[in-house]
Amino acid sequence: MNLSRFTVKAVANGGMAQFQEMMRQQLESSMHTELEKLLDTTTGAEREVSKKDFEGFKNLFHRFLQVKGPSVEWIKIQRPPEDSIQPYDKIAARGLPDNVADSLNKLVVVKLNGGLGTSMGCKGPKSLISVRNENTFLDLTVQQIEHLNKTYNTDVPLVLMNSFNTDEDTKKILQKYTHHRVKIHTFNQSRYPRINKESLLPVATSLTMTGQNTEGWYPPGHGDIYASFYNSGLLDQLIAQGKEYIFVSNIDNLGATVDLHILHHLVSQPNGKRCEFVMEVTDKTRADVKGGTLIQYEGKLRLLEIAQVPKAHVDEFKSVSKFKIFNTNNLWISLAAIKRLQEQKAMDMEIIVNPKTLDGGQNVVQLETAVGAAIKCFDNALGINVPRSRFLPVKTTSDLLLVMSNLYSLEAGSLTMSPKREFPTTPHVKLGSSFTKVQEYLTRFESIPDMLELDHLTVSGDVTFGKNVSLKGTVIIIANHGDRIDIPAGSMLENKIVSGNLRILDH
């Protein structure tokens with residue numbers, strides 16, 4: 001914002017604080033005017049939906065303007081008390097009651113389904129990418145819940161939180177599940193305007209999603225689940241049906257299945273001590289150093305994300321010895337508590353400022369929140385340190401290779417580590433840029449290699465794999481620029497480095 005319009009006198013007379021407050025009010029007033037102009041570009045239902053969205057955005061923008069410095073004071077950070085993060089084994093040791101069905105009938109499974117598959121070179125919702133035996137993320141989720149409903153004769157519904165990017169394609173595909181024993185509901189997360197980094201005003205000129213305006217909008221992170229779930233009316237509907245808890249997770253985390261022990265722990269608490277929020281955490285490895293962690297802060301359990309850490313302490317935050325666990329984003333949350341906090345306007349999540357550059361080179365800012373950051377608002381919140389197997393995200397084709405391989409077996413939509421693997425850790429796989437896009441990745445494997453005894457795989461450059469290849473120990477395959485390596489069918493590579501040029505030609 002151009003400061004020259006403001007007189008220096010204001011600073012001299014009223015001091016800096018007064019000047020900054022005047023600036024904030026001016027910015028907020030300009031933002032409200034621009035939002036009204038955007039609302040005037042449409043009518044009817046779309047206007048009403050956008051109006052609700054904008055109420056949430058105004059609140060976020062107001063808080064963004066108030067923020068002075070980092071949201072945490074490093075000196076106040078404490079380790080969580082022993083009993084605030086319970087080991088999973090302790091929860092599971094209590095066993096299950098005879099009436100598992102009663103607990104399940106209080107549960108709703110919510111999957112965060114707002115993301116696109118662009119980072120893996122796919123068009124449309126990420127949940128529609130095939131991950132195993134032609135099954136998509138969404139197929140596997142439906143199979144898991146259907147299996148529960150059939151096994152225990154229950155009615156656990158699936159709720160998808162879509163974004164404007166994924167809603168239409170997802171709804172089309174949902175028709176194929178009509179005859180499955182799972183009720184599926186959807187609601188949309190909000191649509192917020194991206195703001196110009198300099199002027200802090202919206203870059204969109206109308207509410208349409210065409211032309212240049214397409215880039216003017218964004219879904220504001222999964223912390224938006226509370227407001228959009230409440231605003232959709234679905235929250236009240238589920239409470240009326242006797243539902244008590246939601247199990248929320250990212251749809252691309254194949255380890256996030258309904259855990260009966262955690263569910264039983266939640267529903268068996270005495271009323272006055274009801275735990276309103278459980279965050280599943282797991283032990284940090286060197287691969288997870290950027291993951292959010294749980295801390296004790298001003299007497300409350302709180303999620304600390306790397307974005308909130310002062311630069312001087314980032315290395316300390318990444319240390320595996322001080323912060324031993326990280327958030328898997330598998331969360332169990334009380335529906336009644338969400339309703340209460342929404343109605344009291346007491347949901348408080350730190351703002352994540354996400355800078356982006358649009359295709360035309362314009363610098364913008366997205367204001368976002370994270371679902372786990374609300375943990376500090378809920379009563380009797382708890383962390384449960386779960387096995388690593390409950391965190392199996394597929395973010396890249398390297399992850400995809402693991403879940404497509406014989407390391408995992410698939411049953412009723414759930415992937416479990418093969419009993420034939422002698423140690424429970426997942427191999428470290430790093431595929432180069434020639435494998436980034438799913439379609440290209442698939443053409444480079446005639447069949448997925450046997451990886452049961454693999455520890456580490458790095459592949460770089462133009463490399464292809466023939467049928468029935470077996471990889472063991474540490475395998476590094478590097479094709480230099482202009483070279484190509486074809487791993488022959490039936491090869492067994494154990495603790496090998498392959499480099500140079502290896503082409504197998506048909507004759």
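Just so you know, residue 1 is the first one in the sequence shown, and it goes up from there.
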Assess the residue pair F247 and W332 against the criterion (ring pair (Phe, Tyr, Trp, His ring centres under 6.0 Å)); give the C-alpha distance rounded to whole Å, side-chain angles, the decisive distance to 0.1 Å, and a yes or no. CA-CA 5 Å; F247 170 50; W332 302 73; 4.3 Å; yes
Is it the case that the side chain of R421 and the backbone of Y408 share a donor-acceptor pair, with hydrogens and angles ignored and the cut-off at 3.5 Å? no
Angle class for the F323/F317 ring planes (parallel below 30°, perpendicular above 60°, tilted otherwise)? tilted
Which label fits F378 and F277: parallel for a plane angle under 30°, tilted from 30 to 60°, or perpendicular past 60°? tilted
Side chain to side chain contact (heavy atoms under 4.5 Å, CB included) evaluation trace for M279 with L382: CA-CA 6 Å; M279 176 180 285; L382 181 69; over 6 Å; no
Under 4.0 Å between a side-chain nitrogen and a carboxylate oxygen: does that hold for K322 and D315? no
Is it the case that the side chain of D288 and the backbone of K284 share a donor-acceptor pair, with hydrogens and angles ignored and the cut-off at 3.5 Å? no
Stepwise side chain to side chain contact (heavy atoms under 4.5 Å, CB included) test for H456 and T458: CA-CA 7 Å; H456 180 112; T458 295; 2.8 Å; yes
Starting at CG of L367, measure out to CG of N354 and round the result to the nearest 0.5 Å. 9.5 Å
Considering only heavy atoms from C-beta outward, does the side chain of Y230 approach that of E343 to under 4.5 Å? yes
Do Q26 and M22 come close enough that some side-chain heavy atom pair is under 4.5 Å? no
Got a second to check how far L341's CG is from D348's CG, nearest 0.5 Å? 10.5 Å
Is E55 paired with K52 through a side-chain N to carboxylate O contact shorter than 4.0 Å? no
Heavy atoms from other residues, nucleotides or ligands near CD of E46 exceed 12 (cutoff 6.0 Å): yes
Working for side chain to side chain contact (heavy atoms under 4.5 Å, CB included), residues K339 and D236: CA-CA 8 Å; K339 183 176 165 70; D236 283 331; 2.9 Å; yes
Polar side-chain atom of Q269 near backbone of H265 as donor-acceptor pair, under 3.5 Å: yes
Any side-chain donor paired with an acceptor under 3.5 Å for S30 and H32? no
Derivation and outcome, side chain to side chain contact (heavy atoms under 4.5 Å, CB included), residues R388 and T285: CA-CA 10 Å; R388 180 74 186 201; T285 67; 3.9 Å; yes
Going by atom types alone, do S249 and K111 pair a side-chain donor with an acceptor below 3.5 Å? yes
Is there a donor-acceptor pair under 3.5 Å between the side chain of D169 and the backbone N or O of T166? no
Indicate whether any N or O donor in one side chain lies under 3.5 Å from an N or O acceptor in the other, for E280 and Y88. no
Check: F391 ring centre within less than 6.0 Å of F326 ring centre: yes
Would you mind reporting whether P220 and T369 have side-chain heavy atoms less than 4.5 Å apart? no
Any side-chain heavy-atom pair of H264 and L260 under 4.5 Å: no
Using a 4.5 Å cut-off on heavy atoms from C-beta on, say whether the side chain of V281 contacts that of V386. no
Assess whether atom CD1 of I497 is packed by more than 12 heavy atoms of other residues, nucleotides or ligands within 6.0 Å. no
Distance in Å, L116 CG paired with N165 CG, rounded so as to fall on 0.5 Å steps: 4.5 Å
Show, in sequence, the C-alpha distance, side-chain angles and deciding distance for D224 and R191, and conclude whether the salt bridge (Lys or Arg N to Asp or Glu O under 4.0 Å) test is met. CA-CA 10 Å; D224 181 56; R191 178 167 74 121; over 6 Å; no
From S199 atom OG to M31 atom CE, the distance as rounded to the nearest 0.5 Å: 8.0 Å
Kindly indicate whether the side chain of F229, heavy atoms from C-beta on, has any atom under 4.5 Å from the side chain of I333. no
Taking the side chain as every heavy atom from C-beta outward, state whether V309 and L304 have any pair of such atoms under 4.5 Å apart. yes
Judged by atom type as modelled, is there a donor-acceptor pair below 3.5 Å linking the side chain of S206 to the main-chain atoms of T208? yes
Enter the distance from I351:CD1 to H62:NE2 here, rounded to the nearest 0.5 Å. 9.5 Å
Check the pair E350 / K376 against salt bridge (Lys or Arg N to Asp or Glu O under 4.0 Å), numbers first and verdict last. CA-CA 11 Å; E350 289 72 36; K376 63 183 182 193; 2.2 Å; yes
Got a sec: does the NZ of K300 have more than 12 other heavy atoms crowding it under 6.0 Å? yes
Go through the side-chain N and O atoms of R194 and Q366 and say whether any donor and acceptor fall under 3.5 Å apart. yes
Rounded to the nearest 0.5 Å, what's the gap from OG on S84 to CG on N380? Could you check? 12.0 Å
Walk me through it: do R274 and D379 pass the test salt bridge (Lys or Arg N to Asp or Glu O under 4.0 Å)? CA-CA 8 Å; R274 267 287 166 103; D379 293 338; over 6 Å; no
Please work out which of the three classes, parallel, tilted or perpendicular, describes the rings of F61 and F57, given edges at 30° and 60°. parallel
Using atom types as modelled and distance alone, determine if a side-chain donor or acceptor of E215 lies under 3.5 Å from a backbone N or O of D359. yes
Where the side chain of K126 meets the backbone of V394, is there a donor-acceptor pair that is under 3.5 Å apart? yes
A side-chain contact here means heavy atoms from C-beta on lying under 4.5 Å apart; do Q362 and N196 qualify? yes
Checking the side chain of R63 only, and the main-chain atoms of K58 only, is there a donor and an acceptor separated by less than 3.5 Å? no
Can you confirm whether more than 12 heavy atoms, excluding those of K395, are under 6.0 Å from its NZ atom? yes
Test N113 against every option in D252, T186, T141, T170 by the side-chain hydrogen bond (donor to acceptor under 3.5 Å, both in side chains) rule and name the one that passes. T170
Within a 6.0 Å radius of atom NZ on K437, are there more than 12 heavy atoms belonging to other residues, nucleotides or ligands? no
Is there a donor-acceptor pair under 3.5 Å between the side chain of Q296 and the backbone N or O of I77? no
Side chains of N253 and N330, donor plus acceptor under 3.5 Å: yes
Side-chain (H185) to main-chain (V159) donor-acceptor, under 3.5 angstrom: no
Exercise: do T474 and D455 side chains pair donor with acceptor under 3.5 Å: no
Is it true that K51 and E48 have a side-chain N and a carboxylate O under 4.0 angstrom from each other? no
Both conditions, 6.0 Å and 45 degrees, for the charged tip of R302 above the ring of Y297: are they met here? yes
Give me the ring orientation class for F435 and Y441: parallel if the planes are under 30° apart, tilted from 30 to 60°, perpendicular past 60°. perpendicular
